Amino acid sequence: MTTGNRFLMCPPDHYDVDYVINPWMEGNIHKLSRERAAEQWKTLHQVIRSGGSVDLLPPHEGVPDMVFTANAGLVLGRTVVLSRFYHEERQREEPHFKKWFEENGFTVHELPADVPFEGAGDALFDRAQPLLWAGYGFRTELDAHSYIAEWLSVEVVSLHLVDERFYHLDTCFCPLEDGYVLYFPPAFDRYSNHLIESRLPEERRIAVDEVDALAFACNAVNIGRKVIMNRASDSLKARLGAKGFAVFESPLSEFMKAGGAAKCLTLRLNEDIRREQAPTPPAVETRVIRLQGHLLDSGLIGSVLDAIIDGGGSFQVMQFQLGEQRQSLSIAEIKVIAQSGEVMEKLLSQLLRLGAQLQGEKESEAQLAEVTKDGVAPDDFYVTTIFPTEVCIGSEWIRLDNQRMDAAVVVRAAEASSAAQVTATCCLLRDLRVGDKVVVGVEGIRNVRKAKSYDSPTQRAVQEFTFMGSGVSSERRVELLVEQIAWDLRQIRDRGGKAIVTAGPVVIHTGGGEHLSKLIRDGYVQALLGGNAIAVHDIEQALMGTSLGVDLQRGVPVPGGHRHHLKVINLIRKHGSIAQAVDAGVVTKGIFYECVKHEVPFSLAGSIRDDGPLPDTEMDLLKAQAAYASLIQDADMILLLSSMLHSIGVANMTPAGVKLVCVDINPAVVTKLIDRGSLHSTGIVTDVGLFLSLLVQQLDRLTKPPKAA
Ligand code: ARG
């Protein structure tokens with residue numbers, strides 16, 4: 001007998017299947033043999049007793065599942081975290097378990113009433129590392145893990161259970177001596193499998209197949225080198241044998257009818273974290289981050305946890321407050337643990353990019369370093385995001401000017417002002433000058449990702465679509481989305497706001513030119529951004545009825561049509577600019593004609609493939625970027641129409657909060673563009689000509705007076 005092992009069991013006097021709270025119980029109500037159950041339990045009891053002592057919990061009537069003492073609570077030393085059962089049927093067991101623990105000298109911690117946790121059924125200590133594997137998804141809520149971590153001061157690895165047949169962690173996961181783990185990988189989500197694999201070397205992981213898993217092989221009691229379970233296949237026995245474990249089978253078919261077996265019927269009372277067996281803990285660094293937003297809907301929480309693990313760290317979810325309503329925000333506090341300062345630094349900068357805020361006892365100051373070469377930032381300069389950000393300088397939080405992503409932050413004292421006013425500005429690398437003070441590291445920087453108020457029902461609807469499947473809509477939603485966008489455009493125009501269009505030549509090829517022209521004419525567009533091609537094709541279409549030589553009415557190439565676009569370029573060059581050609585009465589319709597006539601500014605950014613180019617096309621890309629940036633200042637909404645190149649350029653310089661609507665026939669482009677963590681993006685996968693025609697129709701409908709009732 002191994003001295004010191006102590007278990008709690010409860011005789012099956014009142015055991016039965018009286019209700020159904022897991023798939024195993026289905027069809028088994030009152031179907032079990034009490035005698036066989038009693039025998040099976042007795043055998044297990046004897047086997048366990050040969051490896052330690054067993055305390056017996058007096059059985060009670062009306063609580064048939066109380067035999068499953070694993071669910072009484074989670075014991076560590078003389079402390080127990082009492083279970084808070086998810087199902088009402090089992091909540092009736094709680095007072096009995098509580099009484100027993102108190103009478104037996106345990107300190108009892110009780111979770112808040114709304115935080116379900118099912119004890120050692122969902123929380124298992126690793127047998128080599130000081131670490132608790134904790135399950136969630138069916139019976140235990142994730143937020144219970146943070147209470148446990150705090151009360152037992154232990155690191156918790158949270159595992160997400162996804163197969164309802166394996167509703168408790170101990171049905172599919174069993175830590176064994178020397179740091180082995182017996183488990184059934186498909187019972188966990190991909191991320192949890194990643195966690196398990198990153199915590200355990202391959203030779204310590206013993207994955208079972210579905211047959212063994214369904215025979216409750218993972219629901220085992222491990223005492224020394226003995227593994228007690230309902231049943232194991234020969235191959236599993238052999239594999240365990242090779243690792244030095246002997247399987248002891250104790251058939252428990254009657255208990256499986258309620259969804260439990262060996263492990264469920266016992267609770268280890270002598271739990272201890274084997275600190276002496278753990279490798280000397282490295283000098284770990286911990287920092288607490290805070291996340292706020294639509295954490296689940298936007299998938300942000302997943303990205304953050306992934307980033308921590310992928311960056312070589314680990315985490316503890318200390319607090320997770322789920323927004324109660326669809327529109328309310330969730331808040332999470334996560335402790336990030338890293339092996340070294342260097343790893344932590346990298347991790348944190350990644351997390352800041354995702355919108356996390358560092359929590360600290362004291363407000364730390366932003367670190368500054370000087371630029372020593374024009375156009376080059378100090379090595380560990382902070383890279384900006386699209387989210388409103390503040391930096392702490394002289395214990396004041398200063399909001400960044402010119403917020404955009406992929407810039408450095410330059411801090412300046414506003415000259416000669418007595419009030420020592422300080423500014424912090426997002427500055428592109430090429431604009432840095434020797435002597436500029438740039439923010440480095442991760443201290444003293446915070447994102448102020450505010451809850452965006454859901455100001456109109458329309459906007460809410462658009463955002464709801466955005467939440468679905470990363471915001472990319474399918475054809476059937478297009479019409480509804482267009483209706484909402486039309487409504488927004490109308491609001492923006494009527495209040496004197498700013499809507500910008502970025503458009504590629506596909507707008508012309510797909511017959512959208514006339515619709516975009518009308519939008520401009522009707523005052524819905526405050527600036528137009530594009531490249532050489534959209535202007536050339538628009539004017540070719542206006543002058544010759546073709547787009548790249550193709551007759552748009554008939555959809556066929558016209559003879560000699562391939563020369564049309566060069567003729568157009570040449571003509572505009574002759575006049576000096578598009579505006580001059582319009583003034584000369586040469587160009588009399590089309591998108592750019594409307595821009596000139598209605599004084600809508602446009603900017604054409606050149607590229608390597610441009611013919612001509614038009615005199616209006618800016619071939620100096622730095623100047624083109626600057627022109628785009630100044631046109632999108634204070635935009636309320638930007639339509640990105642079928643031009644990946646120009647759209648990405650625009651999206652990169654747009655701060656969060658500006659509504660981006662991306663329309664492209666290629667879903668990959670749409671996803672790439674709107675997948676920037678901003679809730680204000682809507683993606684529509686459709687033909688852009690069709691989109692524009694629907695948009696114009698909708699706007700017309702909004703303008704017509706409603707029919708009399
Ligand atoms: N019928 C019980 C339930 O569904 C079975 C509990 C099994 N216990 C366990 N630790 N897996 O709650």
Side-chain angles (χ1 to χ4, degrees), residues 7-12 14-32 34 37 40-41 44 48 57 59-60 62-75 80-94 96-97 116-125 132-141 144 159 161 163-175 182-184 187-188 208 213-222 228-230 250 252-269 271:
F7 294 89
L8 180 66
M9 291 180 72
C10 175
H14 304 291
Y15 168 61
D16 201 349
V17 178
D18 281 357
Y19 44 76
V20 175
I21 56 172
N22 69 48
W24 300 87
M25 299 172 100
E26 251 158 60
N28 277 326
I29 291 198
H30 307 313
K31 287 264 170 67
L32 53 86
R34 288 188 160 245
Q40 291 179 340
W41 188 89
L44 179 72
I48 302 282
L57 175 71
H60 285 270
V63 277
D65 273 336
M66 212 167 106
V67 283
F68 298 113
T69 51
N71 299 120
L74 174 67
V75 172
V80 62
V81 180
L82 200 68
S83 286
R84 279 255 179 245
F85 286 95
Y86 182 81
H87 292 108
E88 215 193 324
E89 291 87 341
R90 293 205 64 183
Q91 287 164 5
R92 299 193 282 263
E93 299 168 37
E94 290 168 17
H96 301 299
F97 289 134
F117 168 61
E118 301 208 347
D122 262 335
L124 303 163
F125 287 103
L132 182 72
W133 301 98
Y136 69 97
F138 294 107
R139 301 296 185 85
T140 294
E141 286 298 338
L159 300 177
L161 298 167
D163 182 333
E164 59 171 352
R165 298 170 302 174
F166 304 100
Y167 57 94
H168 275 142
L169 183 65
D170 68 359
T171 61
C172 51
F173 191 93
C174 179
L182 187 66
Y183 77 122
F184 180 54
F188 301 93
V208 307
L214 290 174
F216 275 76
C218 297
N219 195 251
V221 182
N222 173 217
I228 303 152
M229 62 175 75
N230 168 62
S250 183
L252 292 161
S253 56
E254 294 314 300
F255 295 94
M256 283 165 59
K257 292 178 180 165
K263 163 66 176 55
C264 304
L265 291 165
T266 63
L267 176 69
R268 197 187 260 262
L269 294 171
E271 281 294 3

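Whatever order the structure lists them in is the order used to number ligands and atoms, beginning at 1. As a basis for the values below, the full set of heavy atoms in this structure was taken, side chains included, without hydrogen atoms, waters or symmetry mates. Given the structure is predicted, the values throughout are model-derived calculations rather than measurements.
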Subject >> Option among Asp170, Leu169, Asp163 that satisfies the side-chain contact (heavy atoms from CB on, under 4.5 Å) test with Phe166 >> reply: Asp163
**OP:** Using the side-chain contact (heavy atoms from CB on, under 4.5 Å) rule, pick out the option among Thr140, Asp122, Asn22, Asn219 that qualifies with His168.
**Re:** Asp122
List ligand 1 atoms under 4.0 Å from [X], heavy atoms only on the residue side.
{"X": "Gly121", "value": "10 (N)"}
{"X": "Met25", "value": "1 (N)"}
{"X": "Gly259", "value": "7 (C)"}
{"X": "Asp65", "value": "1 (N), 2 (C), 3 (C)"}

Validation row: [X], [Y] side chains within 4.5 angstrom (heavy atoms):
{"X": "Leu74", "Y": "Phe117", "result": "yes"}
{"X": "Arg165", "Y": "Leu214", "result": "yes"}
{"X": "Leu182", "Y": "Met229", "result": "yes"}
{"X": "Phe173", "Y": "Leu161", "result": "no"}
{"X": "Ile21", "Y": "Asp65", "result": "yes"}
{"X": "Tyr15", "Y": "Trp41", "result": "no"}
{"X": "Arg90", "Y": "Tyr19", "result": "yes"}

Side chain or backbone of [X] under 4.0 Å from ligand 1, or both, or neither, by non-hydrogen atoms?
{"X": "Ala70", "result": "side chain"}
{"X": "Trp24", "result": "neither"}
{"X": "Lys263", "result": "neither"}

Original post:
For Arg139, is the nearest heavy atom under 4.0 Å from an atom of ligand 1?
Top reply: yes
Original post:
Does ligand 1 have an atom under 4.0 Å from some heavy atom of Phe85?
Top reply: no
In the protein, what heavy atom is nearest to [atom], and what distance, to one decimal place, separates them?
{"atom": "atom 10 (N) of ligand 1", "answer": "Asp170 OD2, 2.7 Å"}
{"atom": "atom 12 (O) of ligand 1", "answer": "Arg90 NH1, 2.7 Å"}
{"atom": "atom 9 (C) of ligand 1", "answer": "Cys264 SG, 2.8 Å"}

Subject >> Thr171 N/O to ligand 1 N/O under 3.5 Å >> reply: no
Original post:
If we only count N/O pairs under 3.5 Å, is Glu118 in contact with ligand 1?
Top reply: no
Original post:
atom 8 (N) of ligand 1: which of Asn71, Asp122, Ile21 has the nearest heavy atom?
Top reply: Asn71
**OP:** Please confirm whether Tyr183 and Trp133 have ring centers closer than 6.0 angstrom.
**Re:** no
